[in-house]
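A short worksheet on the structure shown next.
Please read all numbers here as calculations on a predicted model, not as lab measurements. Chain identifiers are assigned alphabetically (A, B, ...) following the order of the sequence lines, protein sequences preceding nucleic acid strands; residue numbering begins at 1 within each chain.
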Amino acid sequence: MSEQKLMHSSNAMRGDDHVPLMLIEELSVDFSTARGPIHALRHISLEVAAGRILGLVGESGCGKSSLAYSLIGLLAGNARITHGVIRLGDDDLAHLSAARWRELRGKRIAMIFQDPMTSLNPVRTIGQQMMDIQYRERITRAEKRKFAVDFLAQVRIPDPEARLDSYPHELSGGMRQRVCIAMALLTRPDLLIADEPTTALDATLEVQIIHLLRELQQKFGCSVIFVSHHLGTVAELCDDVAVMYAGEVVEQGSVDEIFRQPAHPYTQALLECDPGSIREATRILPTIPGGLPDLRQVPTGCIFQDRCPQVFERCRREHPGFHLGERTQMARCHLIEQGEMTP
Amino acid sequence: MSLLEVDHLEVRYRRLGRVKAALRREEATFPAVADVSFALEAGRTLGLVGESGSGKSTVAKSLIGLQPASGSIRYGGREIGSASQSEWQRLRREISMMWQDPVGSLSPRLSIASLVTEPLKIQGHKRSSDDADRLLSMVGLSTDLGSRYPHQLSGGQARRVGVARALALDPKLLIADEPTAGLDMSVQGEILNLLNEIQSRTGVAILVITHNLNLVRHVTDEVAVMYLGRFVEQGLTDAIFRHPRHPYTEALLSANPSPNPDERHGRTELSGEMPSPFWRPAGCEFHGRCPHARPDCADIVPGWTGEGERGYACRYPL
Amino acid sequence: MSQAQATVSLPEPTVISRILRGLAGNRTGTIGFVLVVLILAAAIFAPWISQYDPAAIMTGPRMAPPSSDHWLGTDNLGRDLFSRVLAGGRVAMLVAGASLGAALSLGLVLGLVAGLGPRWLDNLLLLLFDALRSFPTIVFGLAVVTLVGPSLFTVILVVAITSVPIYARIIRTQAQSLRNAEFVMAERAMGAGLPRILFVHVLPNVLGPLLILASMDVPLVIATEAGLSFLGMGVRPPTSSWGVILNDGYNFIRNSPWPVIAGSVPIVLVTLGFTFLGEALRDIFDPRLQKAN
């Protein structure tokens, strides 16, 4: 597997000083459907550095949520990991027993979801739920309650003591998401996976939540995988970023590298499209013409070929490997290998 | 004379039953929208911006007669706030609406072809497959989609069907509630371009309702910012973006995280959340979250400071 | 979950081919479908399938075991059990069809009125539904029989009245959630009147789940009919019914088990057939319940 070699040599080359917490190698996931399997994730190789925030960014259908769910063993019933390993300590999360998963979830890995209303139990109070989640700890109820209050205060919920007796529906959406974050951190995980946690919130609350996440991540020193379709949020919150398109990581690197000098044509197009980033008023906004390829029959060559403005003959023929840009930045594009990278 | 003139619009929601309210000697209703006034000319676009709970969608519903309101709504010079059912029937040819949920606003058991021609059918016109094809191609959709059903469409396609249907009768006023909600970045631009293009061709007046202030920059001529059911700032889009006067407007403007690493600092971050409209704070209703609030903001209600098209409700504007 | 969303949408099959394909891919669904088709065919074509008149006595020896002349044997009056089972099937299907049809249409109207009408009417109707539901079906049936007298019509009436509240409640809930659905608001904003909203937009979305529910209720109705007939409170002799066959055979079970077997097996088959079919249809139409294949 030449691609894998390329990955490893590039890791060696950049002399990375970040310690990896989780290593994803060549991960592939299929979804079976009535009309044949969808190859939703193909040969994903990524590294989640300890104590850093990795952003998974891409448009709907790119596989960012599937990737996040596969890292905590919560893929849908019709999904199957067909290839690859997910290393976390001595475990391979791609091939893990149900019993071992239960030990890991809520202990080493925790997750927060897009809709905080549906991830909280509507008939139990916030306090009950926050104490339930500490079932592993051998401490008294009073101590559990104290921890719960303490964590609600850490996520800046006003009057945390009183909030313990509230039911989820009595809180606003922003408050509920704060409760979810508090619950996820209560178990002091090594890795927190956040799946679009701010998408359902208003813009001013979104900013509050990402700043809170940033602050708590630094305090607890855990790693965070932040899944989002919003480039600005990722740029503001994350240290590293992986841009996904149609089931592949097409570009990865540090936030500064990727948002200053995007190398992959898809990343470039995506950045141009963000209406928020266009500072001059215009009546004609940029778009990315075309649609996603059919992932039942993955096309040969580059996955972005049909929508790429710089496509050339080799892109149709040959699937591009990861090519090293400056420093830690890598992109799956033939142009970079040929030295024609046009950031 | 403007196409649409709204004067002191007020919408009250019921909080208690009549009997309960009388027994407790409390108000049975509370204002969800209060003292909203604006005008919209033909061929122009106004953006109504605010967070969820600001009352912006309620304004839209009262404009299409689905929400009783007091105050005055004049359309084409005629008062429509108290229009009868049969008058509304006729008005609905000229005022149409694009709904927030692109798929959820399409009746699930009808084909796309019958959905886009639904307004023709309702208003008693003959409809043919040519009409469906014409409308679908107007919004850049393949006519093959006509035989499909709403759940088989992508968000962007469903949104285009919504646009086609809203424009089926050549309306004079189009109300677009969150026209880009739930769409990917690359598709948002397509929908906004489509609205711009249709407006320059047909001269339709558009009212865009959104929580994303940065979105309205590229589609609107004027902007009104709502907080707790009231306008807090209003003016030409360019002016508002160049120099927001109300702190809430400024906060909304800077609440859009930018992918540009050099633009990450100097943000006005709001603390707390919007209060409920039946426990309105005293004084300036924004003072509890305002980063520039002064002691007397909690006591004195700010009046409307207006010069021409520009106005704001703040005693210490930026 | 968004992760399983297909990235491309091919034109989807029509409703009928979707049902057939779904049933073919579901073993119990296939069994249910075949059973229901066989049972309906047997009921419809009963007079042409069996050569004996189900009411004719002494068509052969009494209490005879199954033979080539009498496929299921004969009863204590020498009536051919096979033709009596077929005739009982006609009665069962008639009761099920008529009573469920009546319950569905009345439930639909009342449910829509409760769901879309004013609040006080809704409360009143709910009270009525709950009052009706608080009687056990059989007890209610016995009371009605003593008032009206036993007949096929009484059975239909009892089943219809006791089923109305169930359907009406379901319709009411559906109608209420659809009333505030965005597509209904959109139709109102385009100027659609109540009849159009009701018949074009609300009914089609309510009817599907209701028919599935009704198909799963068929065995219940047939069991009620059999139960009432078994107690002598249902159809009158000489009309055949599975309950009547059971009742007649029950007295002579020491002499011959065949009448009881002939009366109960069809009830079991009908129950399995309609339940399997109903469950399969529900799985086909409710994607949330769809198992991963």
Exercise. Where is the tightest heavy-atom contact between B:Leu110 and C:His201, given as atom of each residue plus distance?
Worked result: CD1-CE1, 3.5 Å
For this session: Kindly compute the distance separating CE (C:Met185) from CG (B:Asp101), expressed to the nearest 0.5 Å.
Result: 12.5 Å
Exercise. Considering only heavy atoms, which portion of B:Ser96 lies under 4.5 Å from any heavy atom of chain C: side chain, backbone, both, or neither?
Worked result: neither
Exercise. Are there more than 12 heavy atoms of other residues, nucleotides or ligands under 6.0 Å from atom CZ of B:Arg14?
Worked result: yes
Problem set entry | Atom of C:Pro204, atom of B:Arg109 and distance for their closest heavy-atom approach | O-NH1, 3.5 Å
For this session: May I ask you to name which of C:Leu178, C:Val184, C:Asn205 has the most heavy-atom pairs under 4.5 Å with chain B?
Result: C:Asn205
Exercise. Any chance CZ of C:Phe129 has more than 12 other-residue heavy atoms, nucleotides or ligands included, within less than 6.0 Å?
Worked result: yes
Problem set entry | Gap between atom CZ of B:Arg92 and atom CZ of C:Arg188 - 0.5 Å precision | 7.5 Å
Exercise. Top residue by heavy-atom pair count (under 4.5 Å) with chain C, among B:Ser147, B:Pro119, B:Gly162?
Worked result: B:Pro119
Seminar exercise, completed: Minimal heavy-atom distance between C:Met190 and B:Ile122, with the atoms involved, is O-CG2, 3.5 Å
Exercise. Looking only at heavy atoms, what is the nearest atom pair of B:Ser105 and C:Ala186, with distance?
Worked result: O-CB, 3.8 Å
Exercise. Where does B:Gln100 contact chain C at under 4.5 Å (heavy atoms): side chain, backbone, both or neither?
Worked result: both
Seminar exercise, completed: Residues B:Trp99 and C:Ala189: closest non-hydrogen pair is CZ2-CB, 3.7 Å
Exercise. Using non-hydrogen atoms only, which part of B:Leu106 is less than 4.5 Å away from chain C: side chain, backbone, both, or neither?
Worked result: backbone
Exercise. Would one find more than 12 heavy atoms of other residues, nucleotides or ligands at under 6.0 Å from atom CZ of C:Arg27?
Worked result: no
For this session: Against chain B, label C:Arg196 side chain, backbone, both or neither, depending on which of its atoms sit under 4.5 Å from a heavy atom there.
Result: side chain
Exercise. How far apart are the closest heavy atoms of B:Gln89 and C:Gly191, and which atoms are they?
Worked result: NE2-O, 2.9 Å
For this session: Determine, for B:Arg165 against C:Glu187, whether the closest basic-nitrogen to carboxylate-oxygen distance falls under 4.0 angstrom.
Result: yes
